[in-house]
Amino acid sequence: MAEGDDMQSDQKKLENSIKEVLKTALVHDGLARGLREAVKALDKRQAMLCLLAKNCTEAAYTRLVEALCTEHNIMLMKVDDNTKLGEWVGLCKIDKEGKPRKVVKCSCVVIKVSMYCTLWCLSHS
C-alpha cells in the first residue's frame, strides 16, 4: 500500500469516528449546533471539542470561534465542508433510500462536556 493510500485510509477512519461520536452526541442531546449555540457553550466552558468548517465564508465567525477555543483551552478541529458537517449533525432530511436530502450547512458544532462524560462512560462500561 502506498503512503498516499495510508493517509486516505487514516483520514477516512478519522472521519468515520467523528461521524459516530456526533451521532451519539446528537441522540443524547450533547451538541451545540450553529454559531449562537456554539458560542454560548464555548463561553460557558461547557465545550469539550469544537468542529469548525474550513469553508466558512464569514471570517469574523471563524476568528470568534478560534479565539474562544484558544482562550478557554478547548480543542478545535477543522473539517473540510460545512455541508458535510450539517449532514453529520442531523441537519437534513433522509429519503426512502437512506440518502440525505435538503442538507443545511453548519459551520460550527460543539460537543458539550456533559456529552463527553456520557461517551466516556458508554465506552468504559
Side-chain angles (χ1 to χ4, degrees):
M1 198 185 268
E3 188 175 315
D5 292 340
D6 281 345
M7 271 183 50
Q8 285 180 344
S9 173
D10 290 344
Q11 182 69 20
K12 199 67 166 166
K13 286 179 186 176
L14 177 63
E15 192 174 290
N16 287 337
S17 297
I18 292 170
K19 278 192 228 179
E20 202 61 39
V21 168
L22 289 173
K23 280 182 186 178
T24 306
L26 180 63
V27 169
H28 294 284
D29 196 33
L31 289 181
R33 302 177 289 185
L35 182 64
R36 182 180 171 86
E37 287 183 28
V39 167
K40 284 166 78 174
L42 290 169
D43 205 30
K44 292 179 181 179
R45 294 177 173 88
Q46 294 175 336
M48 193 66 201
L49 171 68
C50 180
L51 298 169
L52 182 65
K54 290 179 186 176
N55 66 342
C56 179
T57 56
E58 291 291 325
Y61 186 120
T62 304
R63 283 194 310 268
L64 174 63
V65 172
E66 287 174 345
L68 284 170
C69 287
T70 303
E71 181 181 335
H72 300 306
N73 296 321
I74 296 166
M75 189 166 54
L76 175 68
M77 281 183 77
K78 294 202 175 184
V79 295
D80 294 328
D81 187 29
N82 55 7
T83 305
K84 241 194 253 186
L85 190 56
E87 180 185 330
W88 293 349
V89 297
L91 296 175
C92 63
K93 300 279 184 188
I94 306 295
D95 66 9
K96 292 177 183 174
E97 291 89 42
K99 296 183 182 179
R101 301 282 185 224
K102 297 184 181 181
V103 179
V104 177
K105 295 176 183 178
C106 183
S107 293
C108 186
V109 176
V110 167
I111 298 176
K112 296 179 186 176
V113 173
S114 59
M115 186 60 235
Y116 178 78
C117 295
T118 302
L119 289 172
W120 186 86
C121 289
L122 288 173
S123 68
H124 289 83
S125 59

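Computation of the quantities below employed the complete heavy-atom set of this structure, encompassing side-chain atoms and omitting hydrogens, waters and symmetry-equivalent molecules. This is a predicted model, so every value here is computed, not measured.
Separation of atoms NZ (K105) and SG (C56) is listed at 10.5 Å; rounding is to 0.5 Å. To the nearest 0.5 Å, the span separating CG on D81 from NZ on K54 amounts to 11.0 Å. For the atom pair CG (D95) and NZ (K102), the distance works out to 11.0 Å, reported to the nearest 0.5 Å. One distance of note links NE2 of H28 with NZ of K112; it measures 14.0 Å at 0.5 Å rounding. Here CG of N16 is found 9.5 Å from CD1 of I18. Values are rounded to the nearest 0.5 Å. Note that CG of D80 is 11.5 Å distant from OG1 of T83, once rounded to the nearest 0.5 Å.
Using a 4.5 Å heavy-atom cutoff, the side chains of I111 and L22 are in contact. For the pair L64 and L68, the minimum side-chain heavy-atom distance is below 4.5 Å. Considering only heavy atoms from C-beta on, W88 stays 4.5 Å or farther from L51 through its side chain. Contact of the C106 side chain with the N82 side chain is not registered, since no non-hydrogen atoms from C-beta on lie closer than 4.5 Å. Side-chain contact check for E66 versus K78: some heavy-atom pair is nearer than 4.5 Å.
Hydrophobic clustering places V79 together with V104 (ILVMFWY residues linked when any side-chain heavy atoms are closer than 4.5 Å, directly or through intermediates). Cluster annotation: M77 is connected to L85 through the hydrophobic network of ILVMFWY side chains, with a link wherever side-chain heavy atoms come within less than 4.5 Å. Follow the hydrophobic side-chain contacts under 4.5 Å out from V65 and you never reach M48; the two are in separate clusters. Linking ILVMFWY side-chain heavy atoms closer than 4.5 Å, directly or via other members, places L14 and V89 in a single hydrophobic cluster. In the hydrophobic clustering of ILVMFWY residues, with side-chain heavy atoms under 4.5 Å counting as a link, L42 and M75 come out apart.
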Applying salt bridge (Lys or Arg N to Asp or Glu O under 4.0 Å), run through E58 and R63 and close with a yes or a no.
CA-CA 9 Å; E58 291 291 325; R63 283 194 310 268; over 6 Å; no
D43 vs H72, side chain to side chain contact (heavy atoms under 4.5 Å, CB included): CA-CA, chis, key distance, verdict:
CA-CA 8 Å; D43 205 30; H72 300 306; 3.7 Å; yes
For residues 34-41, please give each side-chain donor-acceptor pair under 3.5 Å, one per line with the distance, not counting sequence neighbours.
unit_1 : atom_1 : unit_2 : atom_2 : d
E37    : OE1    : R33    : N      : 3.1

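Considering all non-hydrogen atoms of both residues, V103 and E87 come closest at CG1-N, 3.7 Å. Heavy-atom minimum distance, A25 versus L31: CB-CD2, 3.7 Å.
Counting non-hydrogen atoms of neighbouring residues, nucleotides and ligands closer than 6.0 angstrom, the NZ atom of K19 exceeds 12 such neighbours.
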